[in-house]
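Here is the naming used below: chain letters follow the sequence lines, and residue numbers restart at 1 for every chain.
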Amino acid sequence: MELYFFNTKTRKKELFQPQQPPRVGLYVCGPTVYDYAHIGNLRAYVFSDILRRVLEYNNFQVHQVMNITDVGHLVSDADEGEDKMLVGARRQKKSPFEIADYFTEAFFNHTQRLNIKDPTIACRATDHIQEMIDFVQVLLDRGYAYEISDGIYFDISRFPHYGKLSRLNLEEQLEGARVEVNPEKKHPADFALWRKAPANHIMQWPSPWGMGYPGWHIECSAMGLKYLEGFFDIHTGGVDHIPIHHENEIAQNWGFTGKEVVRFWMHSEFLQVEGGKMAKSLGNIYTLEDLEEKGFDPLAFRYLLLNAHYRKKVNFTWEALEGAQRALERLRENFLRFKEASPGRGNQKGPEQFRTEIERAFNDDLNVPRALALTWDILRGEDPTLEYYKLLLEVDRVLGLGLEQVERPPVEEIPGEIKKLIEQREEARKKRNWEEADAIRDHLEEQGIRLIDTPQGVRWERIKKKGS
RNA sequence: GGCGGCAUAGCCAAGUGGCUAAGGCGGAGGACUGCAAAUCCUCUAUUCCCCAGUUCGAAUCUGGGUGCCGCCUCCA
C-alpha cells in the first residue's frame, strides 16, 4: 500500500519512497540533556516512534539515528549567553559530563516507559568533536564559512535557499529582531559553527582555531551524515526547529555536500497545557514522573497523544488524561475478551476490511486517531475470534500500547484476614443483614480490595486505594 | 512590527466539496444486583465561531469579521 507523509518542505502530502528500499534512513532530532524531558518534549518522540513503527509496519528496515546533545548550547546568539550545560552543572554541583550522563539515562528511562523504541544509533555530540571540526574545516575550505574573533560562522549569503523551509522573508524578520547582532558577523542570520571558548569555559576542545566548542546545529549534520551514510530519507523534529535549527542544517549540509541531503522533513506540533503554552513561569511544565505521582500510567499519556494527529496542537488537561487512562483500561479489558475468546456479538466487516482500513489510516500521514477509532470498532462490536485477536496485536505494533503484555492479574492467594472478612460478609448477606455486609464491603474498598458479586459467587480484585 | 496555525457536543478529538458529521471520556436511561460496584446494551452535535459569497450540493472552497494559540530567543 502506498505511504504518504506531509513534507514540511513542500507543505504537501507526498508519496514516500526511500532512496534504497527497503532501508529507510531516519534522523530524529534528540534531546539536549541538561534537564528532565517534559511531556511536551516527549510528544515529539512519541511522534517519531509512531512514524518509525508505521515504516516498519510497511516492511521497511528503519535505521534510526538520534543525537544526544551533551555539549553546551548558548542561550542566545550574543556573547553574554549562558551555556545550558554549565547552568545545569552549576545547579547540580556536578561536572557537565555527569549531568549529561544522568539526564541521558533519565531520558531513555522515560521514553522506554512510553514504549518508544530505542534508536538504532544514539550518538553523543561530545563523542564526535573531531567529525564536527572536520565538517567546519570543509565549510571554511569551500568558502561557506568565515572566522571572526569569537568563532567560525556560516555565511548564509553563500546559500541562496536560506529560509525556504520556514518560508521566512529574512529582511522582514530582521525588522523585528529581538536579539543583539554581533557586529562582526557579515549577516545577522549567520550562525556559529564553532565557538572559541573563554579560558573558564568547562567544556572545550582543541581545534585548528584554538580551544573551543561546537555550535549548535552542527552535531546533527555531522553525525547524521556519518551514520546515515550521506542521505536522510526522513528528518524529524518539533515545529520550533523549522525556522532556525533545520534551516541552518540545510544550509551547512549544502555547503558540505553541495546538495540537499534530506528528502522528507517532518515536524510534530506542540503540546499545550490548558489551551496555552507550557512555561516555567506558569508552573505547568510536567514530567512523566509528575503524571505518575498522580497515579497515571505512562501509557495513558501515550494514548492521549495517539488520540490526536501529530500536526495538530494537542491540549493537555488533567481531565483529558483521566479520560485517556480510563479509555486505555477499557481498551485492555476489551482486548482480553479477544485473548480469551469469550463470545461476542456479530459483525459486518471482516478482519481483512478492518486491516485494510487501518493500514490506510496509518499510511495517510499517520492518521492514528482514525486507526484508533477503527480499533474501537473491532473491540466493541466484533466477534472475539483468533483472527481479530491477531489483527489487534498487529495494529498494536504501531500503537505501542503493549497489548501483548496485557493479561489478567494472576489469581493471588487471598490474605487470610481478607478472606475471613469476605466470608463474614457472605454470612451477613445470607442473613439479609445488609448493613453489616455493606460495611465490610466499604471497609475492604478502603483497603484497596474491590468485591465483584457475580452469579457464580464473589470475585475480588485489587484497585488503587481511594484518594491516592 | 513581520510570519504562520487553529476554531467540530461538557472534555479530548477525527473528518477538508456529496452516504445518517468517526472514536474515546463524561452524562442520561436500561439490563444485572438486596442495594451498589464492575460489566453489558441504548441514547447523547438537524449541525461544525459569526456574516456574506461560489456551487445542484460546504464543517470542508473564497472574502470579511471575531476569538484563541504559536513562531520570529540554542523551547519538542
Side-chain angles (χ1 to χ4, degrees), chain A residues 11 28-32 37-48 69 72-78 81-84 166-180 189 191-192 215-217 236-245 248 267-272 275-280 285 303-309 311-328 330-331 333-334 337 344-345 361 367-377 379-380 429 432-435 437-438 441-442 445 450-455 459 461 463:
Chain A
R11 310 282 156 113
V28 174
C29 254
T32 300
H38 59 245
I39 57 176
N41 299 128
L42 293 172
R43 180 182 189 191
Y45 302 110
V46 169
F47 151 67
S48 57
T69 296
H73 281 182
L74 288 178
V75 166
S76 80
D77 207 15
E82 281 241 65
D83 187 304
K84 283 185 175 173
S166 47
R167 304 193 170 176
L168 290 178
N169 180 324
L170 270 187
E171 305 313 314
E172 283 172 1
Q173 286 301 306
L174 295 173
E175 304 278 327
R178 282 183 273 162
V179 181
E180 293 242 353
F191 55 93
W216 195 37
H217 323 303
T236 73
V239 285
D240 54 320
H241 281 160
I242 299 171
I244 304 284
H245 183 49
N248 292 354
H267 297 92
S268 56
E269 249 300 347
F270 268 42
L271 174 128
Q272 301 193 331
K277 190 180 181 172
M278 250 196 314
K280 276 192 182 131
I285 292 188
Y303 185 97
L304 180 79
L305 296 177
L306 261 38
N307 189 39
H309 191 261
R311 282 192 289 116
K312 289 281 187 75
K313 291 180 186 74
V314 75
N315 190 17
F316 177 88
T317 64
W318 292 107
E319 190 185 354
L321 186 60
E322 273 165 33
Q325 169 114 351
R326 192 85 182 98
L328 178 62
R330 288 204 176 139
L331 189 148
E333 184 69 27
N334 275 283
R337 269 177 47 228
R345 294 173 302 159
N367 193 339
V368 180
R370 166 112 182 101
L372 242 195
L374 288 162
T375 302
W376 275 105
D377 283 343
L379 289 166
R380 288 280 195 225
R429 290 181 74 202
R432 306 182 74 81
N433 183 351
W434 310 126
E435 208 171 299
D438 291 353
R441 183 172 64 198
D442 291 347
E445 184 113 356
R450 171 190 284 156
L451 298 185
I452 301 155
D453 294 333
T454 73
R459 275 202 301 122
E461 64 184 21
I463 55 167

- Message: Counting runs of three or more consecutive pairs, Watson-Crick or G-U wobble, with each distance below 3.5 Å, where are the stems of RNA chain B?
- Response: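 B:1-7 with B:66-72, B:10-12 with B:23-25, B:26-31 with B:39-44, B:49-53 with B:61-65 - these are the stems of 3 or more pairs that involve RNA chain B.
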
Could you measure between the two [atom1] atoms, the one in [N] and the one in [M], and give it in whole Å?
| N | M | atom1 | result |
| --- | --- | --- | --- |
| G64(B) | C25(B) | P | 41 Å |
| C68(B) | A28(B) | C1' | 32 Å |
| C61(B) | G18(B) | P | 11 Å |
| A58(B) | G30(B) | C1' | 39 Å |
| G63(B) | A21(B) | C1' | 25 Å |
| A76(B) | A14(B) | P | 23 Å |
| G17(B) | G10(B) | P | 27 Å |
| G15(B) | A59(B) | C1' | 9 Å |

- Task: Before accepting this row, confirm whether a basic side-chain N of the pair E269(A)/K313(A) lies closer than 4.0 Å to the acidic partner's carboxylate O.
- Result: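 Yes.
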
Let me know the distance between [atom1] of [X] and [atom2] of [N], rounded to the nearest Å.
| X | N | atom1 | atom2 | result |
| --- | --- | --- | --- | --- |
| E333(A) | A38(B) | CD | P | 12 Å |
| R380(A) | U42(B) | CZ | P | 10 Å |
| L372(A) | G23(B) | CG | P | 13 Å |
| L271(A) | G70(B) | CG | C1' | 13 Å |
| L374(A) | A22(B) | CG | C1' | 8 Å |
| N367(A) | A22(B) | CG | C1' | 10 Å |
| H217(A) | U73(B) | NE2 | C1' | 12 Å |
| D442(A) | A38(B) | CG | C1' | 15 Å |

- Query: When you match R43(A) and S166(A) each to their closest nucleotide on RNA chain B, which lands nearer the 5' end?
  - Reply: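 Nearer the 5' end of the strand: S166(A).
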
- Query: Between R459(A) and P243(A), who's closer to the 5' end of RNA chain B by nearest nucleotide?
  - Reply: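 The 5'-side residue here is R459(A).
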
Holding to side chain to side chain donor-acceptor pair (under 3.5 Å), I want the full list of residues that pass it with [X], two or more places apart in sequence or in another chain.
| X | value |
| --- | --- |
| R330(A) | none |
| W318(A) | none |
| D240(A) | none |

Describe the nucleic acid contact of [X] in one word from base, sugar-phosphate, nothing, applying a heavy-atom distance below 4.0 Å.
| X | answer |
| --- | --- |
| H38(A) | base |
| E322(A) | nothing |
| L42(A) | nothing |
| G40(A) | base |

- Query: Quick one: side-chain contact (heavy atoms from CB on, under 4.5 Å) partners of R432(A), sequence neighbours excluded?
  - Reply: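 If we apply the side-chain contact (heavy atoms from CB on, under 4.5 Å) test to R432(A), skipping adjacent residues, the hits are W434(A).
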
- Query: Can you give one letter per nucleotide of nucleotides 32-37 of chain B, going 5' to 3': B for a protein heavy atom under 4.0 Å from the base, S for sugar-phosphate only, - for none?
  - Reply: --BBBB

- Message: Check the phosphate of G70(B) against R311(A), side-chain N and O only, distance under 4.0 Å to OP1 or OP2. Yes or no?
- Response: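 Negative; the distance criterion is not met.
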
- Message: Would you say R370(A) places a side-chain N or O within less than 4.0 Å of OP1 or OP2 belonging to G23(B)?
- Response: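 Looking at the OP1 and OP2 atoms of G23(B), neither is under 4.0 Å from any side-chain N or O of R370(A).
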
Mind checking what makes salt bridge (charged side-chain N to carboxylate O under 4.0 Å, His left out) contact with [X], not counting sequence neighbours?
| X | answer |
| --- | --- |
| D453(A) | R425(A), R429(A) |
| R459(A) | none |
| E319(A) | none |

Short heteroatom pairs, N/O only, protein and nucleotides 10-13 of chain B, under 3.5 Å:
| unit_1 | atom_1 | unit_2 | atom_2 | d |
| --- | --- | --- | --- | --- |
| C12(B) | OP1 | N315(A) | ND2 | 2.7 |
| C12(B) | O3' | N315(A) | O | 3.3 |
| C12(B) | O2 | N307(A) | ND2 | 2.7 |
| A13(B) | OP1 | N315(A) | N | 2.1 |
| A13(B) | O2' | N307(A) | O | 2.9 |

- Task: Flag as yes if F270(A) stacks onto the base of G70(B) (centroids under 5.5 Å, planes under 30°), otherwise no.
- Result: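 Not stacked: fails the 5.5 Å / 30° test.
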
- Message: Treating R337(A) as the side-chain partner and L379(A) as the backbone partner, does any N or O pair qualify as donor plus acceptor under 3.5 Å?
- Response: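 Indeed, once roles are kept as given, a pair shorter than 3.5 Å links the two residues.
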
- Mark yes or no for whether N41(A), through its side chain, and H38(A), through its backbone, hold a donor-acceptor pair below 3.5 Å.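 At least one qualifying donor-acceptor pair exists.
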
- Query: Is the shortest heavy-atom distance from the side chain of L374(A) to the side chain of R370(A) under 4.5 Å?
  - Reply: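 Yes - at least one pair of side-chain heavy atoms lies under 4.5 Å apart.
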
- Task: Please identify each residue that fulfils ring-ring contact (aromatic ring centres under 6.0 Å, His included) with H245(A), with sequence neighbours left out.
- Result: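 H245(A): ring-ring contact (aromatic ring centres under 6.0 Å, His included) contacts with W216(A), H217(A), H241(A).
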
- Item | Any residue meeting ring-ring contact (aromatic ring centres under 6.0 Å, His included) with Y303(A), in chain and number order, not counting sequence neighbours |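 For Y303(A) there are no ring-ring contact (aromatic ring centres under 6.0 Å, His included) partners, ignoring immediate neighbours.
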
- Message: Out of the candidates V46(A), I39(A), L42(A), only one should pair with L305(A) under the side-chain contact (heavy atoms from CB on, under 4.5 Å) rule; please name it.
- Response: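 In the set V46(A), I39(A), L42(A), the residue that makes a side-chain contact (heavy atoms from CB on, under 4.5 Å) with L305(A) is V46(A).
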
- Nearest to the side chain of A373(A) - G23(B), G26(B), A76(B)?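 Within the option list, the nearest is G23(B).
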
- Selection from G24(B), G70(B), A76(B) that lies nearest to any side-chain heavy atom of M278(A):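 My answer, after comparing the listed nucleotides, is A76(B).
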
